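Below: one structure, written as structure tokens.
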Amino acid sequence: MATRIRPSSKRCAVIGGSGFLGRYLVEQLLDRGYSVSVFDIRQGYELPGVTFHLGDLCDKQALLAALQGVSLVFHCASPAPSCDDRALFHRVNVDGTRNVLQTCQEAGVQKVILTSSASVVYEGTDIKDGKEDLPYAKKPIDYYTETKIQQEKLVLEACDTQKGFLTVAIRPHGIFGPRDPQLVPILVDTAKRGKMKFIIGDGTNLVDFTFVENVAHGHILAAESLRPESPICGKAYHITNDEPVRFWDFMSQILVGLDYDPPKYRLPYRLVHVLAMLLWLLVLFLRPVLQLRPTFTPMRVALAGTHHYYSCTRAKEDLGYRPLVSLKDAITRTVNSYSHLRRVA
Ligand SMILES: NC(=O)C1=CN([C@@H]2O[C@H](COP(=O)(O)OP(=O)(O)OC[C@H]3O[C@@H](n4cnc5c(N)ncnc54)[C@H](OP(=O)(O)O)[C@@H]3O)[C@@H](O)[C@H]2O)C=CC1
Ligand SMILES: CC(C)CCC[C@@H](C)[C@H]1CC[C@H]2C3=C(CC[C@]12C)[C@@]1(C)CCC(=O)C[C@@H]1CC3
């Protein structure tokens, strides 16, 4: 019979710890004196004090081995939102998360912190100062969001204070910062191809973009506040920069910071959305013979042309959360870190 190592409160595991957010989480946890195991399908970096366990989170035996002696688990693994593979999203985000929960219980883990997403309530229409009690989206904008909803429900429903198995979900929005493989690289690539000339809509829609260090900080506060008697058990928390910004101002600041021209011509939101839908139908129709990846997907157009910002009052009150880095400083640090993507004259 296998012996179980007794969990220690300062020993934690980060599932998805090789990724963008995961690595910041690992770095902050080390700074706070935790010993950290990373479980991921790839090893993204090397860091003294971090043990890597490579495997798929759907694989129970691989995960069980990585969770020995661990009392606290952060689950921030997911296929990339842009991958558009329904079966993969379902396998990893839904079935895989069910496996994570069962394996954590078997391994004696006491706390699970899920990285969910504020998008679980977003249906492609305006959300202004959205609170956590908004209903889940009935028509999620993509497979990614559909499975993030199911994932969050599984994790929050698994919370059982009687059994000492405690869960909480963090819902960040629009994470950005140095080393992000998504937002800035996609933006710069779009600009290089001459496609960042247009503002979709009237340019006044407000959106949350959240600096990655603030998101990691929110996760750690949640982990440290999670106790059987605490009000946070089984709840979801928005973590944002608490400074909603005009979507197109944010994009322009990044572009100008990297010496690209900001978008200046306006296009009506409805028109662009309909065109993006038609293009998407064409992509689906041609998929058996041709793999096309349009830049302006209906999902991106909706995110670029509607308000979507969220209240983080609950996190402030229950977790004592305050953003560590202001939006202004976050943008400066991000732009400076992408000097390799700067426009060459
Ligand atoms: N980025 C954003 O703006 C937002 C992100 N989120 C959530 O934050 C979390 C982290 O996102 P982010 O850091 O941007 O994503 P990343 O893709 O950078 O990190 C996710 C990590 O998980 C790994 N992974 C994927 N599938 C598996 C699997 N089956 N088993 C083990 N590891 C796996 C990935 O490997 P590989 O790279 O090889 O796929 C990657 O290393 C996600 O849950 C995402 O849904 C929420 C709101 C906004
Ligand atoms: C081509 C341009 C119109 C837009 C380029 C920037 C976009 C790549 C990003 C703007 C908002 C971002 C965002 C996400 C991914 C990157 C953007 C679409 C998420 C979908 C990532 C996963 C989430 O959970 C929600 C995010 C919302 C905002």
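Numbers here simply count residues along the sequence, with the first being 1. Just so you know, ligand 1 is whichever comes first in the structure, and atom 1 is the first atom listed for that ligand. These numbers were taken from a predicted model, which means no experiment stands behind them.
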Mind checking whether [X] contacts ligand 1 via backbone (N, CA, C, O), side chain (CB onward), both or neither, at a 4.0 Å heavy-atom cut-off?
X	result
Ala118	neither
Arg171	neither
Phe176	neither
Leu21	both

Under a 3.5 Å cutoff, is there a donor and acceptor pairing between the side chains of [X] and [Y]?
X	Y	answer
Thr204	Asp202	yes
His173	His308	yes
Thr306	Tyr122	yes
Lys148	Gln151	yes
His75	Thr115	no

How close do Gly44 and Phe52 get, counting heavy atoms only, and between which atoms? N-CE2, 4.4 Å
side-chain hydrogen bond (donor to acceptor under 3.5 Å, both in side chains), that's the test. Do Glu152 and Tyr136 meet it? Break it down for me. CA-CA 10 Å; Glu152 187 185 280; Tyr136 287 116; 2.5 Å; yes
For [atom], which candidate among [options] provides the closest heavy atom?
atom	options	answer
atom 43 (O) of ligand 1	Gln151, Lys148, His173, Gln182	Lys148
atom 28 (C) of ligand 1	Leu57, Val212, Asp59	Leu57
atom 14 (O) of ligand 1	Phe20, Phe209, Phe74, Tyr24	Phe20

At the 4.0 Å heavy-atom cut-off, does Pro172 count as touching ligand 1? yes
Identified salt bridge (Lys or Arg N to Asp or Glu O under 4.0 Å) partner of Asp261 from the options Lys195, Lys197, Arg343, Lys192: Arg343
Within the 4.0 Å heavy-atom shell around [X], which atoms of ligand 1 are there?
X	value
Val92	29 (N)
Gly55	30 (N), 31 (C)
Cys76	9 (C), 10 (C), 20 (C), 42 (C), 43 (O)
Gly16	21 (C), 22 (O)

Starting from [atom], find the nearest protein heavy-atom neighbour and note its residue, name and distance.
atom	result
atom 23 (C) of ligand 1	Asp40 OD1, 3.3 Å
atom 19 (O) of ligand 1	Gly19 CA, 3.3 Å
atom 8 (O) of ligand 1	Thr115 CG2, 3.2 Å
atom 3 (O) of ligand 1	Ile175 N, 3.0 Å
atom 6 (N) of ligand 1	Tyr144 OH, 3.6 Å
atom 27 (C) of ligand 1	Ile41 CD1, 3.6 Å
atom 17 (O) of ligand 1	Ser78 O, 4.2 Å
atom 29 (N) of ligand 1	Asp56 OD1, 3.1 Å

Heavy-atom distance under 4.5 Å between the side chains of [X] and [Y], does that happen here?
X	Y	answer
Leu255	Pro263	yes
Asn241	Phe209	no
Phe165	Pro228	no

Do other residues, nucleotides or ligands put more than 12 heavy atoms under 6.0 Å from the [atom1] atom of [X]?
X	atom1	result
Lys264	NZ	no
Arg287	CZ	yes
Glu229	CD	yes

Using ring-ring contact (aromatic ring centres under 6.0 Å, His included), reason through Tyr237 and Tyr321 one step at a time and then give a plain yes or no. CA-CA 10 Å; Tyr237 286 87; Tyr321 170 74; over 10 Å; no
Under 3.5 Å, N or O to N or O, is Arg42 touching ligand 1 that way? yes
Ligand 2: protein N/O within less than 3.5 Å of ligand N/O:
from: ligand 2; atom 1: 24 (O); to: Ser117; atom 2: OG; distance (Å): 2.7
from: ligand 2; atom 1: 24 (O); to: Tyr144; atom 2: OH; distance (Å): 2.7

Within 45° cone and under 6.0 Å: Arg179 NZ/CZ vs Tyr24 ring: yes
